[in-house]
A.B. asks: 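For reference, the structure I am asking about is given below.
FYI, the numbering just counts along the sequence from 1. From a predicted model like this one, the values you see are computed outputs, not experimental measurements.
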Amino acid sequence: MSQQITTSLWQSWLKSLAIVAFGVWSVVACTPKDEEFTPDANAMLRFEADTVVFDTVFTQVGSVTKRLKVHNSNQNAVRISEIKVAGMGASPFQVFVNGRPGPLLESVEVRGGDSLLLLVKATINPTADNQPFLVRDSIQFLTNGNQQQVILEAYGQNAAFYRKYTAGCAETWTASKAHVIYDSVTVPAGCTLIIEKGAQIHLHKNAKLKVLGTLLVRGEEKERVRFQQVRQEEDYRNAPGQWQGLEFGPTSTGNKLQYIEIKNAVTGIFLKAEGNQIPSITLEQTFIKTMLQSGVLSHGGNVTLINSIITNTGEYALAGLGGGQYKIYFSTLANYANDFVRFSPSFVFSEELGTTRKAAYQVEVVNSILWGRQDEELRFGPATLGSAKSIKHSFVKTVAYAADLAGNNNQINVDPKFRDAPKFDFQIIKLSPANKAGTPFNNILLDYEAKERDKTMPDVGALEVID
């Protein structure tokens with residue numbers, strides 16, 4: 001009898017063991033393949049890029065965050081033992097995975113056929129080197145004993161930083177460092193800020209350079225001074241409205257800007273007169289492009305353009321409202337507005353500025369191109385205060401003023417034939433009707449690119465054709 005009980009117990013135990021084994025087998029057998037971790041050393045990761053590149057990162061500013069996708073192309077899941085920045089804590093780079101910050105992350109799991117999103121940030125520390133420099137490191141991945149890496153590169157540059165800054169009365173900015181304006185720099189009345197050739201000025205959102213005194217910018221053809229946004233990634237290189245612009249108050253006179261580029265602001269140049277205080281500016285060899293609103297907007301100020309180009313603005317290329325004097329010589333104002341749907345003419349002059357200002361305007365245009373995509377690119381307000389206009393040897397896009405501007409060697413609605421206007425290349429071709437259509441004027445002997453102009457039959461516009 002006892003032997004039968006023992007045998008029965010033994011059989012029950014074997015049966016239970018079989019049930020447990022079957023249950024374990026069932027769990028294992030039912031685990032999806034993409035959740036099973038493979039120990040295979042050949043289970044390689046795949047990266048969407050072998051190098052993560054940061055554009056210029058100003059020292060002390062840091063950078064935007066870059067993204068890197070890591071793909072597990074295997075059927076099975078993998079467990080990445082380590083994801084780390086090779087330079088660890090001494091590196092200017094930091095990595096984040098699922099919100100967890102590096103520089104070292106362990107036991108990161110990726111299901112089969114799935115991917116992992118890494119965020120990488122670069123912060124460049126100041127060095128003694130004033131020129132752009134290259135910083136390199138790598139992200140290293142260790143999976144089943146197999147090591148892979150992705151290179152990290154950032155171009156850093158030392159910079160001078162300005163926050164609600166008031167310039168000194170005899171201050172000079174050089175090209176030795178970039179100049180980064182967070183909110184505003186003000187040049188006081190009676191003071192002069194000089195910006196030397198090659199200087200690069202970068203402005204944050206809503207930032208502006210406000211001139212109540214005098215601004216002198218001394219660029220050269222090969223070393224232009226550039227006013228532009230801070231963000232340098234591809235998506236921001238031609239995006240309008242990223243900073244406010246250059247503003248000249250009523251006490252600002254004698255401003256002269258040579259060989260400069262202004263891009264991606266709200267309004268490139270803004271002048272504001274008050275009563276008998278009239279700001280004035282001369283722009284030579286200047287390129288203004290991709291403005292959210294206007295290239296040059298003057299509320300009663302005096303503006304002289306020589307060998308300059310204005311294009312791609314959301315509203316006006318040049319507007320003089322509330323009077324002022326406007327002299328446009330050997331310039332190309334061709335508002336093709338690639339980034340905007342524009343309804344206003346590009347060139348507008350009026351005696352009235354709402355109810356705040358009313359004064360006469362004086363407009364003189366010689367050897368210039370006033371052009372754009374619309375049929376009507378010109379508008380003059382009523383001349384009740386003695387306003388006057390003179391346009392000679394110029395190409396003008398207009399319907400309303402076609403008869404009025406005929407004569408004086410003007411070409412009305414005649415295509416000047418730019419080489420590639422949609423790409424901002426406003427060199428006229430050799431067969432252009434603007435070739436040799438100008439007249440020698442005011443001893444202006446060079447063009448926008450500092451090429452010599454023909455002494456007897458110069459070309460119309462900012463760029464001379466070289467035969």
Side-chain angles (χ1 to χ4, degrees), residues 195 197 211 214-227 246 248 252-262 268-269 271 278-289 294-298 301-311 313 316-320 324-335 346-347 349 361-371 389-396 409-410 416 418 424 426-428 434 437-466:
I195 301 179
K197 62 183 180 181
V211 183
T214 301
L215 177 64
L216 300 177
V217 182
R218 297 171 174 169
E220 295 181 1
E221 203 283 318
K222 298 297 184 183
E223 295 183 86
R224 292 181 181 267
V225 173
R226 289 182 170 83
F227 296 85
L246 308 185
F248 297 84
S252 180
T253 59
N255 299 287
K256 189 172 185 179
L257 284 60
Q258 300 170 289
Y259 290 102
I260 71 167
E261 181 178 300
I262 305 173
I269 301 287
L271 293 87
I278 311 295
S280 63
I281 189 171
T282 297
L283 301 170
E284 298 182 0
Q285 279 84 12
T286 291
F287 201 138
I288 300 176
K289 67 178 181 179
S294 301
V296 176
L297 175 61
S298 171
N302 297 335
V303 178
T304 299
L305 290 177
I306 301 172
N307 286 321
S308 293
I309 301 171
I310 302 177
T311 188
T313 67
Y316 307 123
L318 170 63
Q325 295 181 4
Y326 305 93
K327 300 177 180 180
I328 305 169
Y329 308 142
F330 284 107
S331 291
T332 298
L333 282 60
N335 195 11
S346 290
F347 317 104
F349 302 94
Y361 59 79
Q362 306 292 326
V363 178
E364 181 183 17
V365 181
V366 182
N367 293 339
S368 293
I369 300 172
L370 307 183
W371 207 254
K389 59 182 181 292
S390 172
I391 300 179
K392 300 177 180 179
H393 294 273
S394 295
F395 284 63
V396 184
N409 294 296
N410 292 321
F418 300 118
F424 308 142
F426 295 108
Q427 174 69 67
I428 57 172
T439 184
F441 185 77
N442 274 11
N443 203 33
I444 299 173
L445 304 178
L446 302 178
D447 77 346
Y448 169 81
E449 295 178 339
K451 302 192 301 283
E452 287 189 7
R453 288 193 178 274
D454 189 293
K455 292 181 176 58
T456 58
M457 299 177 66
D459 297 340
V460 172
L463 289 156
E464 187 86 357
V465 170
I466 301 300

A.B. asks: Closer than 3.5 angstrom, by distance alone: can the side chain of N367 be matched with the main-chain N or O of G438 as a donor-acceptor pair?
C.D. replies: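 Side chain of N367 to backbone of G438, a donor-acceptor pair under 3.5 Å: no, none is there.
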A.B. asks: Under the side-chain contact (heavy atoms from CB on, under 4.5 Å) criterion, do K289 and E261 qualify, and how do the steps go?
C.D. replies: CA-CA 8 Å; K289 67 178 181 179; E261 181 178 300; 4.2 Å; yes
A.B. asks: Testing L257, L446, I306 for side chain to side chain contact (heavy atoms under 4.5 Å, CB included) with E284, which one passes?
C.D. replies: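 Of all the options given, the one that passes is I306.
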A.B. asks: Main chain of S346, side chain of N335: is a donor-acceptor contact present, judged purely on distance under 3.5 Å?
C.D. replies: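 No, because the side chain of N335 does not come within donor-acceptor range (under 3.5 Å) of the backbone of S346.
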A.B. asks: Minimum heavy-atom separation for I428 to P416, with atom names?
C.D. replies: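 So the two residues come closest at CG2-O, 3.7 Å.
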A.B. asks: Using the rule given for side-chain contact (heavy atoms from CB on, under 4.5 Å), can you reason through N409 versus T439, listing the C-alpha separation, both sets of side-chain angles and the distance that settles it, and then say yes or no?
C.D. replies: CA-CA 10 Å; N409 294 296; T439 184; over 6 Å; no
A.B. asks: Using side-chain heavy atoms (C-beta onward) and a distance below 4.5 Å, is L305 in contact with I310?
C.D. replies: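 Yes - at least one pair of side-chain heavy atoms lies under 4.5 Å apart.
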A.B. asks: Tell me, please, which residues at least two apart from Y329 pass ring pair (Phe, Tyr, Trp, His ring centres under 6.0 Å).
C.D. replies: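 So Y329 forms a ring pair (Phe, Tyr, Trp, His ring centres under 6.0 Å) with F441.
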A.B. asks: Please answer whether the main-chain N or O of F330 pairs with a side-chain N or O of S368 as donor and acceptor at a distance below 3.5 Å.
C.D. replies: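 Here the side-chain-to-backbone pair exists.
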A.B. asks: Can you name the closest pair of heavy atoms from E464 and K451 and give their distance?
C.D. replies: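 Here E464 and K451 meet closest at O-CE, 3.1 Å.
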A.B. asks: Test of understanding: with side-chain contact (heavy atoms from CB on, under 4.5 Å), list the residues that count as partners of L216, not counting sequence neighbours.
C.D. replies: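 Testing L216 for side-chain contact (heavy atoms from CB on, under 4.5 Å), a comparison that skips the adjacent residues, returns T192, I194, T214, R218, K256.
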A.B. asks: Over 60° means perpendicular and under 30° means parallel, so classify the ring planes of F418 and F426, tilted if in between.
C.D. replies: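 Aromatic pair F426/F418 classed perpendicular.
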A.B. asks: Roughly how far, to the nearest 0.5 Å, is the OH atom of Y326 from the OH atom of Y361?
C.D. replies: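 Between Y361 OH and Y326 OH, I get 11.0 Å after rounding to 0.5 Å.
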A.B. asks: CG/N255 to CG/L246 distance, rounded to the nearest 0.5 angstrom?
C.D. replies: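 Reported value, rounded in 0.5 Å steps: 10.0 Å.
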A.B. asks: Just verifying a value: how many Å separate F248 CZ and L215 CG, rounded to the nearest 0.5 Å?
C.D. replies: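 Nearest 0.5 Å value for the CZ-CG distance: 5.0 Å.
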A.B. asks: Can I369 and V460 be said to form a side-chain contact (heavy atoms from CB on, under 4.5 Å), step by step?
C.D. replies: CA-CA 7 Å; I369 300 172; V460 172; 3.7 Å; yes
A.B. asks: Of all the heavy-atom pairs spanning V465 and Q427, show the shortest one and how long it is.
C.D. replies: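 In terms of heavy atoms, the two residues are closest at CG2-NE2, 3.5 Å.
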A.B. asks: Specify the closest pair of heavy atoms between G254 and S280, including all atoms of both residues, with the distance to one decimal.
C.D. replies: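 Smallest interatomic distance, heavy atoms only, reads N-OG, 3.3 Å.
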A.B. asks: Between V296, L318, T313, T311, which is the residue that forms a side chain to side chain contact (heavy atoms under 4.5 Å, CB included) with L333?
C.D. replies: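 For L333, the side chain to side chain contact (heavy atoms under 4.5 Å, CB included) test succeeds with only one of V296, L318, T313, T311, which is L318.
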A.B. asks: Donor-acceptor check, side chain of S298 to backbone of G320, threshold 3.5 angstrom: yes or no?
C.D. replies: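 Checking the backbone N and O of G320 against the side chain of S298, no donor-acceptor pair under 3.5 Å is found.
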A.B. asks: Once you round to the nearest 0.5 Å, how far does NZ of K222 lie from CD of E449?
C.D. replies: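 Answer rounded to 0.5 Å: 8.0 Å.
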A.B. asks: How far apart are the C-alpha atoms of F347 and I328, what are their side-chain angles, what is the distance that settles it, and do they pass the side-chain contact (heavy atoms from CB on, under 4.5 Å) test?
C.D. replies: CA-CA 12 Å; F347 317 104; I328 305 169; over 6 Å; no
A.B. asks: Please answer whether the main-chain N or O of I278 pairs with a side-chain N or O of N302 as donor and acceptor at a distance below 3.5 Å.
C.D. replies: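 Answer holds: no.
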A.B. asks: At what distance, to the nearest 0.5 angstrom, does OG of S331 lie from CG of L463?
C.D. replies: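 Going from the OG atom of S331 to the CG atom of L463 covers 10.0 Å.
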A.B. asks: Please give me the minimum heavy-atom distance between I281 and L283, naming the atom from each residue.
C.D. replies: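 Minimum heavy-atom separation between I281 and L283: CD1-CD2, 3.7 Å.
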A.B. asks: Is there a donor-acceptor contact under 3.5 Å from the side chain of S308 to the main chain of T286?
C.D. replies: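 Yes; at least one donor-acceptor contact below 3.5 Å.
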A.B. asks: Could you verify whether a donor N or O on one side chain and an acceptor N or O on the other, from N307 and R453, lie under 3.5 Å apart?
C.D. replies: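 Distance-only check passes for N307 and R453.
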A.B. asks: If you compare all heavy atoms of I391 against all heavy atoms of S394, which two are closest, and at what distance to 0.1 Å?
C.D. replies: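 Here I391 and S394 meet closest at CG2-CB, 3.9 Å.
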A.B. asks: Answer yes or no: does atom CD of E223 have more than 12 heavy-atom neighbours from other residues, nucleotides or ligands under 6.0 Å?
C.D. replies: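 Yes, the 6.0 Å shell around CD holds more than 12 heavy atoms from other groups.
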A.B. asks: For Q362, what residues pass the side-chain contact (heavy atoms from CB on, under 4.5 Å) criterion, not counting sequence neighbours?
C.D. replies: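 With neighbours one apart ignored, the set is Q325, A360, A388.
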A.B. asks: Are any side-chain N or O atoms of N410 and backbone N or O atoms of H393, one a donor and one an acceptor, separated by less than 3.5 Å?
C.D. replies: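 Checked: pair present.
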A.B. asks: Rounded to the nearest 0.5 Å, how far apart are CD1 of I269 and CD1 of I288?
C.D. replies: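 With rounding to 0.5 Å, CD1 (I269) is 5.0 Å from CD1 (I288).
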